[in-house]
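Everything on this sheet refers to the single structure shown next.
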Amino acid sequence: DPNVPIIVTTWNFQNSTIKAWDILSNGGSALDAIEEGATVCEVLQCNTAVGFGGRPDENGETTLDALIMDGRNMNVGAVGALRRVKSAMSVARNILEYTKHSFLVGDQATEFALKMGFKEESLITSYSTSLWAKWRDEDNCQPNFWTNVKPNPNEYCGPYNKLDTLVTGQKRNVLVDEFNHDTIGLVAVDRNGDVAAGTSTNGLNFKIPGRIGDSPIAGSGAYADNTVGGAAATGDGDVMLRFNPSFLTVEEMRRGASPTTAAQTAIARIASYYPSFSGAVIAVTKDGEYGAACHGLQTFPYVVQDISRETCELININC
Ligand code: SD4
């Protein structure tokens with residue numbers, strides 16, 4: 001018999017898993033489990049890596065990326081660089097439910113959200129301001145994401161200086177470390193066997209304003225197909241989105257690979273080009289088999305809840 005319903009989430013965000021399971025175990029849909037599970041993290045600001053008040057960009061603003069995918073019909077709703085609206089996942093769900101589009105970004109995603117009745121409010125908190133002020137003042141605005149030609153750190157300080165002096169040099173900095181990860185990714189299969197997947201994140205610290213990572217991109221951040229299963233990814237999104245790892249994981253499962261082997265294939269593909277990238281992929285089949293793979297981290301924790309468990313279980317894999 002299939003092991004459904006099931007919910008699997010990235011990192012140790014048990015509150016989200018518990019909420020999603022509450023929906024699934026009461027006969028709710030996989031889509032609702034994804035939306036409401038992710039929303040819990042957006043409200044709790046899980047590790048300040050999801051939702052408002054975390055990971056300010058170079059201008060000190062927090063912007064949000066989210067994706068939700070319906071494996072019944074391959075419908076997608078996504079937002080990127082969403083400004084001044086806290087519930088990125090629900091905005092994504094509204095795009096899925098009420099429009100023929102798949103992906104809205106920036107200020108115009110905000111406009112859409114306001115039309116749908118969401119509240120406009122600042123995503124800046126005293127925590128995000130202090131993080132950003134430290135970067136600006138003590139770390140001298142060390143540009144985190146410039147390569148080859150980078151702005152002179154002495155001349156470039158977010159909105160405080162014009163980008164008028166360019167110098168060559170410096171490689172990319174470390175993008176994801178233990179203080180700069182933790183996007184929530186979720187994959188659910190409900191009682192009907194319907195599959196859904198999604199992500200929600202505030203990206204990376206001191207990103208260049210306008211930057212969107214892998215998380216809201218279907219096939220990269222997450223992917224779901226009722227005929228196979230679903231997958232979700234977390235990590236160095238600038239690199240990972242070049243490989244569509246969630247799509248590849250689902251396609252490997254379609255070809256018969258186990259979830260673990262499928263996720264390993266997707267991770268190995270990225271590592272073959274970028275040996276120092278950090279990231280992970282979780283995978284679930286439509287029958288409720290699950291697995292994960294990771295790279296460049298010591299360990300990767302993820303959480304599973306299914307009918308075989310009284311409570312959700314934290315699983316740690318070595319990378
Ligand atoms: C991003 N993938 O925006 C996200 C960050 C992340 O765990 O997953 N952190 O690149």
Side-chain angles (χ1 to χ4, degrees), residues 8-13 16 38 41-42 45-52 54-58 61-69 78-83 88-89 92 103 105-106 109 123 128 131 144-145 147 172-187 197-223 231-249 263 266-267 270-271 274 276-282 292-303 317 319:
V8 180
T9 59
T10 57
W11 308 108
N12 186 6
F13 298 143
S16 284
C41 249
E42 290 172 354
Q45 306 166 279
C46 289
N47 289 0
T48 65
V50 182
F52 69 101
R55 299 201 289 209
D57 66 17
E58 286 185 340
E61 182 179 354
T62 297
T63 61
L64 305 179
D65 300 339
L67 162 71
I68 185 164
M69 182 159 184
V79 281
L82 176 68
R83 309 179 71 189
M89 175 55 88
F103 196 175
V105 300
L123 305 187
S128 68
L131 207 64
N144 239 359
F145 296 104
T147 180
R172 251 167 208 268
N173 270 336
V174 174
L175 302 185
V176 178
D177 56 33
E178 61 181 314
F179 304 110
N180 200 9
H181 62 54
D182 289 12
T183 293
I184 187 159
L186 315 92
V187 184
T199 56
S200 181
T201 188
N202 51 28
L204 298 176
N205 275 324
F206 319 125
K207 60 192 179 184
I208 297 170
R211 179 266 189 193
I212 292 172
D214 59 326
S215 302
I217 296 175
S220 281
Y223 201 67
T234 177
D236 175 2
D238 295 291
V239 165
M240 293 177 80
L241 69 78
R242 301 169 191 173
F243 295 89
N244 288 359
S246 294
F247 177 75
L248 180 54
T249 299
I267 289 287
I270 306 170
Y274 296 95
S276 61
F277 100 99
S278 301
V281 173
I282 56 171
C294 56
H295 182 87
L297 305 155
Q298 285 206 322
T299 60
F300 170 65
Y302 68 102
V303 184
I317 57 169
C319 303

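In this chain, numbering begins with 1 at the start of the sequence shown. One-based numbering, in listed order, for ligands and for the atoms of each.
Atoms of ligand 1 found under 4.0 Å from any heavy atom of Gly203, numbered from 1 in the order shown, are 3 (O), 5 (C). Of all atoms in ligand 1, numbered sequentially from 1 with element shown, those under 4.0 Å from a heavy atom of Thr234 are 6 (C), 7 (O), 8 (O), 9 (N). Within ligand 1, the atoms closer than 4.0 Å to a non-hydrogen atom of Asp214 are 1 (C), 2 (N), 4 (C), 10 (O), numbered from 1 in the order shown. Listed by atom number, the atoms of ligand 1 under 4.0 Å from Ser215 heavy atoms are 2 (N), 4 (C).
Any N or O atom pair closer than 3.5 Å counts here, and Thr183 shares at least one such pair with ligand 1. Considering backbone and side-chain atoms together, Gly237 places an N or O closer than 3.5 Å to an N or O of ligand 1. Polar contact with ligand 1: absent for Leu204 (N/O pair, distance under 3.5 Å). For a threshold of 3.5 Å applied to N or O pairs, the pair formed by Asp236 and ligand 1 contains no separation below that value.
Under the 4.0 angstrom criterion for non-hydrogen atoms, Arg211 is in contact with ligand 1.
Contact check for Phe103 versus Ile217: side-chain heavy atoms found under the 4.5 Å cut-off. At a threshold of 4.5 Å between non-hydrogen side-chain atoms, the residues Glu61 and Leu123 do not count as touching. In this structure, Phe300 and Ile282 have side chains that are in contact, with non-hydrogen atoms separated by less than 4.5 Å. Between Tyr274 and Asp236, the closest side-chain pair of non-hydrogen atoms is not below 4.5 Å. Under the 4.5 Å side-chain criterion, counting only non-hydrogen atoms from C-beta, Ile267 is in contact with Phe277.
A salt bridge does not link Asp238 to Lys207: none of the charged side-chain nitrogens sits closer than 4.0 Å to a carboxylate oxygen.
Using modelled atom types, one side-chain atom of Ser278 and one backbone atom of Gly296 make a donor-acceptor pair closer than 3.5 Å.
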